[in-house]
Amino acid sequence: MYVHSDCTSRIVPLRYVGSLVSCLYIPFHNMAAVKKSPFIVTLEINLLIVALTLLGLTSRLWNLSHPPAVVFDEVYYGQFISLYMKRIFFLDDSGPPLGHMLLALGGYLGGFDGNFMWNRIGAEYSSSVPVWSLRLLPALSGGLCVPLAYQIVVELGYSAWAGGAAALLILFENALVTQSRLILLESVLIFFILLAIMSYLKFHRQQQTSPFSPRWWFWLVLTGVSGFCAVGVKYIGLFSYLLILGLAGVHGWQLLGDRKLSNVLVLCYLGARGMALLLLPMFLYLGMFYIHLSILSRSGPHDHIMSSAFQSSLEGGLSRITQGQPLEVAFGSQITLRNTLGKPVPCWLHSHKNNYPIIYEGGRGSSHQQQVTCYPYKDVNNWWIVKDPARQDMVVSAPPRVVRHGDTVQLLHGMTARFLNTYARRCCPPFSPYAQEISGYIDYNISMPAQTLWKVEIQNRESDGDTWKTIVSEVKLVHVNTSAALKLSGSALPDWGFRQLEVVGDKVAKGSHQSMVWNVEEHRYGRSQDQAEREEELHTPPQMDVGRNLSFMARFWELQWKMLTMRSESPEHKYCSSPADWVALDTSIAYWHHPRTTAQIQLLGNPVIWYSANAGAIVYSVLSLYYLLRQRRRIHDVPPGDGCDVSSIDTHKVLPPRSAAITCAYVVSAGTWHTLQLTGTLCLGGWAVNYLPFFLMEKTLFLYHYLPALTLQILLLPPVLEHVHQHVLRSDTLQNTFSAVLLVWMSSIVLIFSKLSPLTYGEPALAPQELRGLRWKDTWDILIRK
């Protein structure tokens, strides 16, 4: 069906009216004047997109400051916002920093100073907290997902009716509305995923019509930028971006097989994709961390997780201790040795006056010598003196004799004057029976001579002549007599060991595992030979005046490694759920409850939309399998759609004058196999990559983790319905009946949304009987006051 367009004086298909709803009307007899005048601007406004945008923003921004209290995970993200405002370093192992920085930007624009205690859910916000400003970005992101849904479906080749239906499904999905009205990141993640998909589809259309044009470059670059933003908000966004990269790879492979294109042109096409979709996101990823680390320049509560070098690069904290200390370790140096593993907690080589018990639990005997452990706190008993085995003096000479890779040293405990010692096969540690016990040597005169020589092996050296450097050098201390390396086992000792961590000698382990690697954190040159004076010297903090900074790349790689490998152990949460519960909406989350009334916010989806999306995925899968089997029998129920013969099309009577390629793109519609494949790849494939990985994750999971997958599954439903209406139901009677059913179905979605809206927006307060009426499943945790 076609309508006349006043703007072009041409006939255009009805489903493209949404792209040219209104424009500046220019009479036909004035066209010559228009061509001559350089000041005429033609404006195209899609009124449907404008209307959907306004509806989406209204649904998310309405009464955004309610409730004026901390709601569920706002207590978690709010802490990070406060740390940004105070420029205090923190480490979040759940995701990269872009999302946190965007939320903090809202706080900054709202004048938030970070002075609010995000200590409990339900805490009332003070007047100094700009609640509306902090919730604005997630709300805008959620509202803009509505027109993006329309654009994606239309760009896939479906009608404006299907695009409008997709937008309305996103608009009336209660869980998406709830999640986007709070200081949370799921709506921001979904927005960037949809923006990346839409940008790539528009780029792919431009590839068919006007490659290397400004629009072609714009959509290609926007695909890379929005894909980076999805990954930068949460790492789960990486799966969606990999899906787009895979699709771009398939299209690139098709270009590679086009013999009509020259080799140079193919290289240009592939090179442009590589730069925009790979190199640009990588540089943006580095830039994100550069900004993050530039802002968080002050020492904070998460410092201890990082290495000594990283800590010393921050203002305050360790940097106040390590500034100006000697760089090169020399014979006579007084040092503390930190294990670089940092698991289960960062700790320092430690000893104290208590001895190992004579008999361990289990009946094994010990050396009964002085305990050596790894202590997770700074303490005066963490200090050791690097002694030259060939000399008796324990002071730094002038000039200092520096320790180099391969040198042999003795480590003397500063407070007890015991040498670090171990034996082969004579005594085993309490929890590591195949390793060697590490102790402070005590001469009992029972034929147990001291074995206190240790070889220094610098793991990150540039040459074999490198010197042992403070903070920078990562060293492995290897026992000369037994070739056992000093290693943190990680086991906690019993009460007799004060629950400190076990240190062993391990000669089985090879390489430079972090449990065997140590670095000097605090360092001073010893000046006293007398034991009493030396103890006093250890109690006196040195005076420092110069800082040592770490390069950005070194800090980036360390922070990246910590984020990817460190996993905080979170206890089982009351509202956690498994991925199997999400598809059928068998769970909900009580986000907020008014302290005096029944008003509450529940993360609860629209059941009609959830079950319809599941049904749409099943119908699509069945239809695709049916078409594949039929095509195997050389029966094509739908045209391929990967090309068309435009020679038989009178473009002057049917479409505006366009190139053959874009005419072909218009002819490709919802009934083509190519369109169905592309739809399934992006929508059903997007659902899979955003849902299935959660089955492999060992972390506490919640219903909101399913929302990105749900959004893409929803986008699949209108294309399936349109395809069934146009190409499966052949008779007019069936089509009309199906349309009536769809109208009733959409009305039920709006009705259910209205019924659940008090739980979505947190007002008005419902009576207990009304709340019981909304508990349609026993697993829904709707709170009812008695």
Side-chain angles (χ1 to χ4, degrees), residues 59-60 66-67 69-75 121-122 142 169-182 184 186-187 190 571-617 687 690-691 694-695 700-711 713-714 717 745 747-786:
S59 67
R60 271 65 173 177
H66 179 81
V70 179
V71 180
F72 203 62
D73 274 354
E74 286 188 341
V75 70
I121 298 174
L169 291 176
I170 300 299
L171 176 67
F172 292 118
E173 212 308 291
N174 296 77
L176 293 178
V177 176
T178 300
Q179 198 72 10
S180 60
R181 288 173 46 82
L182 304 170
L184 306 172
E186 272 64 37
S187 62
I190 294 170
E572 204 64 16
H573 196 281
K574 177 182 179 180
Y575 295 112
C576 67
S577 55
S578 69
D581 300 326
W582 303 341
V583 176
L585 195 57
D586 288 335
T587 183
S588 68
I589 304 177
Y591 267 9
W592 171 80
H593 194 202
H594 195 281
R596 293 176 297 278
T597 69
T598 60
Q600 57 188 286
I601 293 179
Q602 291 276 339
L603 183 67
L604 191 60
N606 190 317
V608 178
I609 294 178
W610 286 55
Y611 286 104
S612 299
N614 293 335
W687 170 83
N690 282 283
Y691 173 58
F694 285 108
F695 284 96
T700 306
L701 299 174
F702 298 92
L703 178 63
Y704 57 73
H705 287 119
Y706 183 62
L707 296 183
L710 172 70
T711 301
Q713 191 185 42
I714 289 174
L717 184 56
W745 167 72
S747 301
S748 68
I749 288 174
V750 178
L751 178 62
I752 296 300
F753 174 82
S754 177
K755 280 279 188 183
L756 296 177
S757 60
L759 303 181
T760 300
Y761 291 95
E763 59 180 2
L766 300 179
Q769 190 62 32
E770 293 176 302
L771 291 174
R772 291 189 185 94
L774 292 178
R775 189 182 281 175
W776 299 334
K777 286 192 174 186
D778 294 335
T779 53
W780 289 3
D781 200 359
I782 298 177
L783 305 176
I784 303 174
R785 288 186 181 275
K786 296 182 180 180

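As a basis for the values below, the full set of heavy atoms in this structure was taken, side chains included, without hydrogen atoms, waters or symmetry mates.
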S.K.: Please check if the side chain of Ser757 supplies one atom and the backbone of Ser754 the other of a donor-acceptor pair under 3.5 Å.
M.R.: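 The answer is yes, because a donor-acceptor pair under 3.5 Å joins these two groups.
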S.K.: Step by step, work out the side-chain contact (heavy atoms from CB on, under 4.5 Å) result for Ser187 and Ile190.
M.R.: CA-CA 5 Å; Ser187 62; Ile190 294 170; 5.7 Å; no
S.K.: Side chains of residues 594-601: which donor-acceptor pairs under 3.5 Å do they make with residues two or more places apart or in other chains?
M.R.:
unit_1	atom_1	unit_2	atom_2	d
His594	ND1	Arg596	N	3.0
His594	ND1	Thr597	N	3.3
His594	ND1	Thr597	OG1	3.4
Thr597	OG1	Ala599	N	3.2
Thr598	OG1	Leu766	N	3.3
Thr598	OG1	Leu766	O	2.4
Gln600	OE1	Gln602	NE2	2.9
Gln600	OE1	Leu783	N	3.1
Gln600	NE2	Thr598	O	3.3
Gln600	NE2	Leu783	O	2.7

S.K.: I need the minimum non-hydrogen distance between Ser59 and Val177, along with the two atoms involved.
M.R.: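 That closest heavy-atom pairing would be O-CG1, 3.9 Å.
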S.K.: Below 4.5 Å, heavy atoms only, C-beta onward: do Trp592 and Phe72 meet side chain to side chain?
M.R.: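 Not in contact.
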S.K.: What distance separates Arg772 CZ from Ile782 CD1, expressed to the nearest 0.5 Å?
M.R.: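 Arg772 CZ to Ile782 CD1: 11.5 Å, rounded to 0.5 Å.
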S.K.: Verify side-chain contact (heavy atoms from CB on, under 4.5 Å) between Lys755 and Asn606, making sure each step is shown before the conclusion.
M.R.: CA-CA 10 Å; Lys755 280 279 188 183; Asn606 190 317; over 6 Å; no
S.K.: If you measure only the distance, is there a donor-acceptor pair under 3.5 Å linking the side chains of Tyr591 and Gln179?
M.R.: yes
S.K.: Could you measure the distance from the CG atom of Leu176 to the OG1 atom of Thr711? Nearest 0.5 Å is fine.
M.R.: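 With rounding to 0.5 Å, CG (Leu176) is 4.5 Å from OG1 (Thr711).
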S.K.: Working to the nearest 0.5 angstrom, can you tell me the gap between Ser578 OG and Leu703 CG?
M.R.: 11.0 Å
S.K.: Which pair of non-hydrogen atoms, one from Arg60 and one from Leu171, has the smallest distance, and what is that distance?
M.R.: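 Result for this residue pair: NH1-O, 3.4 Å.
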S.K.: Identify the residue among Thr178, Leu184, Asp781, Thr587 that makes a side-chain contact (heavy atoms from CB on, under 4.5 Å) with Leu603.
M.R.: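 The single option meeting the side-chain contact (heavy atoms from CB on, under 4.5 Å) with Leu603 is Thr178.
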S.K.: Are a donor atom and an acceptor atom from the side chains of Gln713 and Trp610 found within less than 3.5 Å of each other?
M.R.: no
S.K.: Classify the ring geometry of Phe753 against Phe172: parallel below 30°, tilted from 30° to 60°, perpendicular beyond 60°.
M.R.: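 Plane angle over 60°, so perpendicular.
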S.K.: Contact between Leu756 and Pro607 at the side-chain level, heavy atoms closer than 4.5 Å - yes or no?
M.R.: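 With C-beta onward as the side chain, the pair touches.
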S.K.: To the nearest 0.5 Å, how far apart are CD1 in Ile752 and OG in Ser747?
M.R.: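 The CD1 atom of Ile752 sits 11.5 Å away from the OG atom of Ser747.
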S.K.: Looking only at heavy atoms, which two atoms of Asp586 and Thr779 are closest? And how far apart?
M.R.: O-OG1, 2.6 Å
S.K.: Within the structure provided, determine whether Leu774 and Leu604 are in side-chain contact (heavy-atom separation under 4.5 Å).
M.R.: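 Sidechains of Leu604 and Leu774: no contact.
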S.K.: Looking only at heavy atoms, what is the nearest atom pair of Tyr575 and Ala590, with distance?
M.R.: OH-CB, 3.2 Å
S.K.: Quick one: side-chain hydrogen bond (donor to acceptor under 3.5 Å, both in side chains) pairs with a partner in residues 759-770, sequence neighbours left out?
M.R.: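 Those involving residues 759-770 are Asn63-Glu763, Asn174-Thr760.
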S.K.: Quick one, Leu771 and Leu759 - any side-chain contact, counting heavy atoms below 4.5 Å?
M.R.: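 Side-chain contact under 4.5 Å: yes.
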S.K.: Return the minimal non-hydrogen interatomic distance between Phe695 and Pro579, and the atom names on each side.
M.R.: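 The pair with the smallest heavy-atom distance is CZ-CB, 3.6 Å.
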S.K.: Step by step, would you call Tyr706 with Leu701 a side-chain contact (heavy atoms from CB on, under 4.5 Å)?
M.R.: CA-CA 9 Å; Tyr706 183 62; Leu701 299 174; over 6 Å; no
S.K.: Parallel under 30°, tilted from 30 to 60°, perpendicular over 60°: which one fits the rings of His705 and Trp582?
M.R.: tilted
S.K.: For the atom pair OG (Ser588) and CH2 (Trp776), what is the distance rounded to the nearest 0.5 Å?
M.R.: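 Here the rounded value is 12.5 Å.
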S.K.: Does some side-chain heavy atom of Tyr691 sit less than 4.5 Å from a side-chain heavy atom of Val583?
M.R.: yes
S.K.: So which heavy atom on Val608 is nearest to which on Ser748, and how close?
M.R.: CG1-OG, 3.9 Å
